Every structure is written in structure tokens, then in C-alpha cells.
Asks: 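Can you read through this structure? Questions will come right after.
Treat the numbers as computed from the prediction; the structure is a model and nothing was measured.
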Amino acid sequence: MVKMTSVRITHWLLFGGLTLILISPFFNAEKVKQRGLRQRDAADVVEKFSLFQYNGMCLQGPPGTAGRDGTPGVNGIPGTPGIPGRDGLKGEKGECVREIFEESWKPNYKQCAWNSLNYGIDLGKIAECTFTKMRSDSALRVLFSGSLRLKCKAACCQRWYFTFNGAECSGPLPIEAIIYLDQGSAEYNSTINIHRTSSVEGLCEGITAGLVDVAVWVGLCPDYPRGDASTGWNSVSRVIIEELPK
């Protein structure tokens, strides 16, 4: 009984070992096959996941907390000086401009007036008005306004003119007015006795600053006889003096 059992065990071991030897290759091949399938499945999942991300369907998480500013860096090493520039082209010569600063001009004028002056002289000074001139480079404008008359037997001429400090104007010429009459009678008491308001006016330059005696005179016309003159009869006469900038 024991001998037979040993034979059976030996037979079983031999048959079982052969069976294992025959089945083992198929079992190993099955493992390799299953491992290959699992690798392909993993690759498919990765591919599908990548495709899922590429199509923009990946969910985005909330943004993270902003980082803090870093510590400021230290100054770098100073650079070396650059190459000095070259001189430019010489410019053109400029024009000389001189500025003249002057004070603002202030009006300076005066008027002298007389009521019924009625001066019947034929030669001499009629009226005088003193004026203070502020600048030497200015001009004086003078005006006499009043009644003038001339009578004579035949042709005659009288002259009314201005003087400045006793001399007639020379810058540029005298300031004057004349009356000429060529119709009279045998007597001075002729009916031709016309008094008319007239004026003597002009500008005089070259008079220095300071007090200026401005006067109105009556005199003769060159190469003509003297007549009977009258100035300022029965009316107001006036002299106006004004200083003007040149």
C-alpha cells in the first residue's frame, strides 16, 4: 500500500511538473499581454487629458496671493566719462542792438490870456508868457489867437511874430503872420477899419530846458511902409505854449 502510494506521488509530481512547465510560458505571456494593455490604457488617458487641456476646457483655479516687492538693489558702479564733443561751426556775426530806456512822456503846457488887450502899437512887444521847458531835446508849440487890424493911406504891411528869450525862432524858421493892405484913403480915419480874429502858430526846436520867455511882437514887413496896427481889440487874446517830444 505504501509502495503504491509512493509510486503515485512520484507519478503525480512528474505529471504536475510537466504540466507547470507546459503552462508557464502561456501564463507569462498572459502577464506580458495584460501589462501591455495597461500601458496602452495609461497612454490613452494621458492623450485624452492633453487633448482636454488643448481644447481650453481645463478649469482654472483661483489666483494666488500677490508677492511682496523685493528688497531694492544697491547702486551700480558709476560709468566712465564719455568722449568730449567737438566744437560746432562758427555762427554768423550778430547785429548790434542798443536799447534806449526813456521815461514816459508827461504833458507840459501853459496858457496866458488877456481880456480886451486892445494894444494899438505898431512896433514892439504886445504880450509875454513865461514857460518852464522840461527837456532840451523837445520842441515848443506856440499859438497866439486874437483880433488883428491894419490901416494905411496906400499899400502897407505889418508883421506879428514870436520870440523865445528875446530871439526869433531859428529851428528851423521864425514863427510869424502878416497883414498886407493895398486899399486905403487919404486919411487914417478911413472907413476901411476891419478887425478880425487871427492866429499865429508854429513849432520851434533847439531851445534848451529851463525858463523860456515867450513873447508876441508886432513889426514891419521888409520893403513895405508902416501902417496903423491894432491887436486884441474888444475881445480875448491868448498865448498857448506846449512842450512836445521830437
Side-chain angles (χ1 to χ4, degrees), residues 105-185 188-246:
W105 184 266
K106 296 181 181 179
N108 184 23
Y109 61 89
K110 184 178 181 181
Q111 173 179 248
C112 298
W114 303 267
N115 187 22
S116 297
L117 189 61
N118 199 18
Y119 241 49
I121 63 172
D122 302 328
L123 299 174
K125 183 188 295 185
I126 297 173
E128 185 177 43
C129 186
T130 302
F131 181 78
T132 302
K133 193 171 184 286
M134 303 304 295
R135 300 188 181 186
S136 296
D137 59 347
S138 61
L140 286 185
R141 174 182 175 269
V142 292
L143 167 68
F144 169 81
S145 177
S147 172
L148 303 181
R149 186 216 65 183
L150 182 62
K151 286 174 60 176
C152 55
K153 294 180 180 180
C156 62
C157 179
Q158 294 291 119
R159 174 176 177 260
W160 284 261
Y161 58 92
F162 275 97
T163 61
F164 302 88
N165 293 329
E168 290 196 59
C169 180
S170 59
L173 292 170
I175 300 173
E176 63 179 0
I178 66 167
I179 295 178
Y180 171 79
L181 183 63
D182 193 12
Q183 184 179 0
S185 66
Y188 277 130
N189 59 358
S190 168
T191 55
I192 301 176
N193 186 18
I194 302 174
H195 295 260
R196 291 188 178 93
T197 299
S198 304
S199 62
V200 185
E201 182 179 7
L203 287 173
C204 188
E205 300 176 0
I207 301 173
T208 58
L211 290 177
V212 182
D213 290 328
V214 180
V216 180
W217 296 64
V218 62
L220 301 175
C221 298
D223 303 327
Y224 282 92
R226 170 181 172 180
D228 182 14
S230 176
T231 304
W233 175 79
N234 198 31
S235 61
V236 174
S237 302
R238 59 173 42 87
V239 171
I240 298 175
I241 309 168
E242 183 181 9
E243 185 175 8
L244 300 175
K246 292 178 64 175

Asks: Heavy atoms only: give me the nearest A155-D182 pair and the separation to one decimal.
Replies: CB-OD1, 3.3 Å

Asks: Return the CG to OG1 distance between L211 and T132, rounded to the nearest 0.5 Å.
Replies: 4.5 Å

Asks: With the side chain counted from C-beta on, respond yes when N193 and R149 share a heavy-atom pair under 4.5 Å apart, and no when they do not.
Replies: yes

Asks: Take atom OH of Y109 as the centre, draw a 6.0 Å sphere, and report whether it contains more than 12 heavy atoms from other residues, nucleotides or ligands.
Replies: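 No - once you tally the heavy atoms of other residues, nucleotides and ligands closer than 6.0 Å, there are 12 at most.
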
Asks: Looking only at non-hydrogen atoms, find the nearest pair between R135 and A209 and report the distance.
Replies: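 Scanning both residues completely, I find the closest heavy atoms to be C-CB, 3.8 Å.
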
Asks: Dump the intermediate steps for side-chain contact (heavy atoms from CB on, under 4.5 Å) on D228 and D122, then the final yes or no.
Replies: CA-CA 6 Å; D228 182 14; D122 302 328; 3.7 Å; yes

Asks: Please check this pair: side chain of S230 against backbone of G120, looking for a donor-acceptor N/O pair closer than 3.5 Å.
Replies: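 It does not hold such a pair.
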
Asks: Less than 3.5 Å apart, any donor N or O on the side chain of D213 or T130 sitting next to an acceptor on the other?
Replies: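 Distance-only check passes for D213 and T130.
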
Asks: Quick check: do W160 and I179 have side-chain heavy atoms less than 4.5 Å from each other?
Replies: yes

Asks: Mind checking the CG-CG spacing from L220 to L123? Nearest 0.5 Å is all I need.
Replies: 4.5 Å

Asks: Mind checking the CZ-CD1 spacing from F164 to I207? Nearest 0.5 Å is all I need.
Replies: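 With rounding to 0.5 Å, CZ (F164) is 4.5 Å from CD1 (I207).
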
Asks: Okay, side chain of E243, backbone of S138: is any donor-acceptor separation there less than 3.5 Å?
Replies: no

Asks: Set out, in order, the CA-CA distance, both residues' side-chain angles and the distance that settles side-chain contact (heavy atoms from CB on, under 4.5 Å) for N234 and S147, then state yes or no.
Replies: CA-CA 8 Å; N234 198 31; S147 172; over 6 Å; no

Asks: On a heavy-atom basis, which atom in L203 and which in R141 lie closest, and how many Å separate them?
Replies: CD2-CB, 3.3 Å

Asks: Could you grab the distance from atom SG of C204 to atom CD1 of I175, nearest 0.5 Å is fine?
Replies: 5.0 Å

Asks: Report the relative orientation of the aromatic rings in W217 and Y161; use parallel for angles under 30°, tilted for 30 to 60°, perpendicular for over 60°.
Replies: parallel

Asks: Is there a side-chain contact (heavy atoms from CB on, under 4.5 Å) between K110 and V214 once you walk through the steps?
Replies: CA-CA 11 Å; K110 184 178 181 181; V214 180; over 6 Å; no

Asks: What are the two closest non-hydrogen atoms of A139 and K246, and how far apart are they?
Replies: N-CG, 4.2 Å

Asks: When you look at N165 and V212, which way does the side-chain contact (heavy atoms from CB on, under 4.5 Å) test go after all the steps?
Replies: CA-CA 6 Å; N165 293 329; V212 182; 4.1 Å; yes

Asks: Identify the heavy atoms of S237 and F144 that sit nearest to each other, and give their distance.
Replies: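 Between these two residues, the closest heavy atoms are CB-CE1, 4.1 Å.
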
Asks: Keeping K125 on the side-chain end and A215 on the backbone end, is there a donor-acceptor pair under 3.5 Å?
Replies: no

Asks: Mark yes or no for whether Q158, through its side chain, and C221, through its backbone, hold a donor-acceptor pair below 3.5 Å.
Replies: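 No; zero donor-acceptor contacts below 3.5 Å.
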
Asks: How long is the straight-line distance from CD of E205 back to SG of C169, given to the nearest 0.5 Å?
Replies: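 Between C169 SG and E205 CD, I get 8.0 Å after rounding to 0.5 Å.
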
Asks: Which heavy atom of I241 sits nearest to which heavy atom of F131, and what is that distance?
Replies: CG2-CG, 3.6 Å

